[in-house]
Structures are given as C-alpha cells and as structure tokens.
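Contents: one structure, followed by commentary.
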2 protein chains.
Amino acid sequence: MQVVQKNITREEKRKQKLDVILRNAAKAFMDQGYYRTSLDDIAKMQNVTKPTLYYYIENKEDILIKCEEQALLRINTMIDSVINAQKSGFEILYDFIKGYIGLMTDDVIRCHVRHRGQMENEQAASNSIKNHKELEYRVREIIRIGIKDKSIRNCNSTILAILLFDSLNGITGWYKSDGQVKEDELTEEVLALVSGGVRVV
Amino acid sequence: MQVVQKNITREEKRKQKLDVILRNAAKAFMDQGYYRTSLDDIAKMQNVTKPTLYYYIENKEDILIKCEEQALLRINTMIDSVINAQKSGFEILYDFIKGYIGLMTDDVIRCHVRHRGQMENEQAASNSIKNHKELEYRVREIIRIGIKDKSIRNCNSTILAILLFDSLNGITGWYKSDGQVKEDELTEEVLALVSGGVRVV
DNA sequence: TTATAACGTTACCAAAGGGTAACATACACT
DNA sequence: AGTGTATGTTACCCTTTGGTAACGTTATAA
C-alpha cells in the first residue's frame with residue numbers, strides 16, 4: 001500500500017516538475033523565440049541549473065516534442081468532444097472553432113502551433129508535420145459532414161480546412177489574454193466571418 | 001556622360017547583387033529558418049565568402065530589415081493600386097486579397113511575413129511591428145469604406161483586419177507555387193470564404 | 001541504519017557561428 | 001599608365017550555448 005502510494009507521489013512530483021518546465025519553456029519560446037532562449041534561461045526559471053533539466057528532458061528539442069505531445073492530446077480531446085455530438089456539420093465546425101480559440105490561451109499549445117514541423121531532427125520534424133496533417137484531416141472531415149448534410153456550402157474542403165486552421169493559429173501571434181480584445185468578442189467575430197463572410201447580401 | 005553612365009552601372013550592379021543576396025537568404029530562411037541558416041550558407045549560395053556579404057549588409061539581422069523594406073514597398077504599392085479604384089469597399093477588399101495572395105509566392109515577402117517583429121535589436125523589432133500595424137490599418141480602412149457604403153456588413157473592423165491578414169499570411173507556411181493547389185483555385189476559395197462564409201443560407 | 005536510486009550541483013568541453021583585421025585584386029577615372 | 005576606391009579573400013577571434021562528466025546530497029526501501 002504505502003509502497004505504491006510513495007511511488008505514485010514520486011512519479012507525480014516528477015510529472016509536475018516536467019510540466020512546469022514545459023510551461024515555462026513554452027512561454028519563453030513564445031516571448032523570445034526558440035533560439036533566443038537558452039537552456040540556462042529555462043533552468044533559471046525553475047531555480048535549478050541546466051544539467052538538472054536533462055533529468056527531465058533528453059535535449060533542447062525534446063521540449064518542443066513534449067509540448068507537442070501535450071498539445072495534440074488536448075486538441076484531439078477537444079475535437080473528440082465536439083465531433084460526437086448529434087449536430088449538423090456546421091454546428092460541429094462552430095463548436096470546434098470555439099473550442100480551438102479557447103485553447104489558444106495556453107502557452108504550451110501556442111508553442112506547439114508556432115514551432116510545429118520545425119525540429120532539426122528530421123524524424124521529429126516529419127512526425128510533427130504528420131501529426132498536424134492528421135488534425136487538419138479531422139477538421140476536413142467535419143467540413144465534409146457539413147457538406148453532406150448541406151449545412152455547409154459545397155467547397156474545397158481541403159483548402160478550407162487549411163485556411164481555417166491557419167487563421168485560427170494566427171491568433172497565437174497576437175492574442176493576449178490580458179489585452180484589449182475579449183475572448184468572447186474574438187470568438188464571435190471569427191464565427192461570424194466563417195459563418196457568413198463579410199459581404200452584405 | 002560616360003562618367004554618370006559608368007557610375008550607374010556600378011551602382012546597379014551593387015543593387016542587383018544585394019538583391020540576389022536578399023532573395024537567396026530569404027529562401028534559405030523560409031526553408032531552414034533564420035537561426036539554422038548561417039552567413040556562410042548564404043555566402044556559399046552567392047559563390048562568395050562570408051566577409052563579402054558585409055560589403056552589402058551591415059549584419060545578419062540587416063538582411064531581415066532589408067527584406068522587410070522591400071516587402072513593405074511592394075505590398076504598399078499593391079494596396080495603393082487597389083485602393084484608388086472607384087469601387088465599393090467590398091470590391092476593393094476583394095482586389096486586395098487577390099493582390100496579396102499573388103505576392104505570397106515571392107520569397108522576400110514570405111520571409112518578411114514569417115519574421116516580422118522578431119529582430120533581436122529592439123529598435124528594429126518595434127519598428128517592424130509598427131510597420132505591420134500600419135499595413136493592418138490600411139486594410140482596416142478598406143473594411144471601413146465597405147461598412148460605410150454598405151457593401152460589407154457591420155463588424156469589428158479591427159479584429160476582422162487582423163484575422164484576414166493572419167489567414168492570408170498563413171498561406172506562406174504551406175503554399176508552394178509548384179504544388180498541387182493552383183493559385184487561382186486558392187484565391188477563389190479564400191475569396192468565397194471571406195465573401196460568403198461557409199454556411200448555406 | 002544503510003545501500004541505492006533519484007535529484008541536483010560545479011566545472012568543463014567542443015562546435016558553431018557572427019563578426020573583423022589585414023591583405024589581394026580588379027576596375028573606374030584622371 | 002597609374003592611383004584610389006570598390007570588391008573579395010584568408011585567417012582569425014570570441015562569445016554563446018548545447019551537452020556531459022564527475023561529484024554531492026536527499027530520500028526511499030530493506
């Protein structure tokens with residue numbers, strides 16, 4: 001009993017520390033960029049020294065990879081939750097957009113969005129690209145559902161999925177949760193744009 | 001006469017060489033990223049050595065700045081040409097989008113889009129941000145014209161301008177001029193999305 | 001209590017890369 | 001032709017930084 005308990009505690013602690021590292025690193029990468037952030041910088045945020053980081057990560061790039069894992073998990077979980085609803089394709093897309101914008105305030109996710117596919121390790125880079133393609137594919141499927149049930153107009157679902165993703169990802173570049181633009185208002189505008197465009201009919 | 005002629009030739013040559021440097025560097029920055037591209041790499045593309053570059057640029061970051069200058073000039077020229085037409089706000093916006101997508105195939109412009117505001121020199125960075133804000137402002141003005149003449153529905157022009165810009169800039173990340181998606185088709189989809197959204201009325 | 005694994009530190013290395021000094025050559029202009 | 005300036009090169013420096021080795025220290029399990 002106690003054995004297990006204590007093991008869990010230790011593992012939990014470890015996980016939490018890794019989590020803090022990822023969050024801090026992600027924030028620094030967003031603020032100053034990946035290459036302008038040294039491992040010493042990241043270590044200092046944890047009040048540890050650089051070699052300590054290597055107890056939690058394999059190398060610098062591994063931070064990017066671990067952020068990606070976490071980000072993909074959260075994004076996919078969100079998509080799971082919206083896609084299973086018994087709704088029209090358009091409504092599902094609507095929910096997806098809402099959910100995705102909601103995730104954009106998280107530094108780890110922002111970090112992933114900004115750095116995906118940019119790893120120096122080719123294997124990691126192509127894997128990252130593949131991961132994103134799969135996300136894109138899921139959004140494309142949502143659009144296809146909408147086209148089929150006629151809640152979304154007939155369009156090139158591939159291009160549309162990319163465009164939509166890119167415009168949402170662009171938000172990471174400027175949106176500050178403490179800034180002038182309220183998340184609700186932002187969401188409203190995006191939804192209105194995607195939904196009905198800008199033209200007065 | 002000949003004096004002037006020869007001077008011009010020399011200056012022209014210089015300008016052209018700088019131009020080649022910028023184009024090659026921009027392409028490399030897009031392919032591998034700014035920090036993964038060394039000045040030696042860039043020099044090699046010109047078949048010169050690194051110190052030679054310093055005859056044309058002040059330092060590495062200066063490449064980014066010079067690319068930005070060139071990009072802004074071209075973008076602003078394009079906006080000038082569409083904004084002066086006697087058309088509705090919506091039509092002007094339409095032309096802007098078309099023109100902007102057309103520019104997205106140019107490496108120097110793509111380089112600027114990807115790296116704007118990221119200079120290490122704070123002065124340069126804030127200037128770059130200011131420059132982009134001004135572009136954004138011009139687009140906002142186009143939207144305002146459309147709202148006023150009722151060709152664009154009433155909306156938050158600030159947010160819309162940013163969203164539009166970001167979605168267009170996102171194109172730089174994936175669009176290859178030799179790829180599957182044709183520029184015309186891409187433009188059509190973007191215009192359709194911005195114009196009427198995805199919803200079937 | 002004690003052995004062992006987890007966790008952390010100090011001190012260091014090697015490579016990369018931006019930038020420069022000093023020197024060589026080509027070319028324009030008198 | 002000859003002189004200065006534009007254009008390049010070789011060789012070098014110096015800082016940054018990712019990564020590691022070797023050495024404590026704390027806490028867990030027997």
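Model, not experiment: these values are computed from the prediction. Below, chain A is the first sequence line, B the second, and so on; all start at residue 1.
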Are B:Lys60 and B:Tyr34 in a cation-pi setup, meaning NZ or CZ lies under 6.0 angstrom from the ring centre and within 45 degrees of the ring axis? yes

Is any side-chain nitrogen or oxygen of A:Thr49 closer than 4.0 Å to OP1 or OP2 of C:dG8? no

Quick one: do the B:Tyr54 and B:Asn59 side chains pair a donor with an acceptor below 3.5 Å? no

Please determine whether a side-chain nitrogen or oxygen atom of A:Arg14 lies at a distance below 4.0 Å from atom OP1 or OP2 of C:dA6. no

Round to a whole Å and report the spacing from NZ of A:Lys44 to P of C:dT9. 13 Å

Tell me the interatomic distance from A:Ile42, atom CD1, to D:dG18, atom C1', rounded to whole angstroms. 11 Å

Can you tell me how far C1' of D:dG18 sits from CG of A:Asn121, to the nearest Å? 15 Å

Donor-acceptor contacts under 3.5 Å from residues 178-191 of chain B side chains, at least two apart:
from, atom 1, to, atom 2, distance (Å)
B:Glu185, OE2, A:Asn156, ND2, 2.9
B:Thr187, OG1, B:Glu183, O, 2.8
B:Glu189, OE2, A:Asn156, N, 3.2

Each nucleotide of nucleotides 18-25 of chain C classed B (base within 4.0 Å of a protein heavy atom), S (only sugar-phosphate) or -, in 5' to 3' order, makes BBB-----

Separation of C:dT9 P from A:Tyr55 OH (nearest whole Å): 13 Å

May I ask you to verify if any side-chain N or O of B:Lys17 is less than 4.0 angstrom from the OP1 or OP2 atom of D:dA6? no

Rounded to whole Å, CG of B:Asn47 lies from C1' of D:dT7 at a distance of 15 Å

Whole angstrom is fine here: how far is it from CG in A:Leu53 over to C1' in C:dC7? 12 Å

Check ion pair A:Arg14-A:Glu11 (N to O, under 4.0 angstrom): no

Ring pair (Phe, Tyr, Trp, His ring centres under 6.0 Å) pairs touching residues 132-153 of chain B, sequence neighbours excluded, are B:His132-B:Phe165

Does A:Glu58 CD have over 12 foreign heavy atoms under 6.0 Å away? no

Starting at atom CD1 of A:Ile57, determine the distance to atom C1' of D:dT20, rounded to an integer number of angstrom. 14 Å

Rounded to whole Å, how long is the line connecting atom NZ of A:Lys15 with atom P of C:dC7? 14 Å

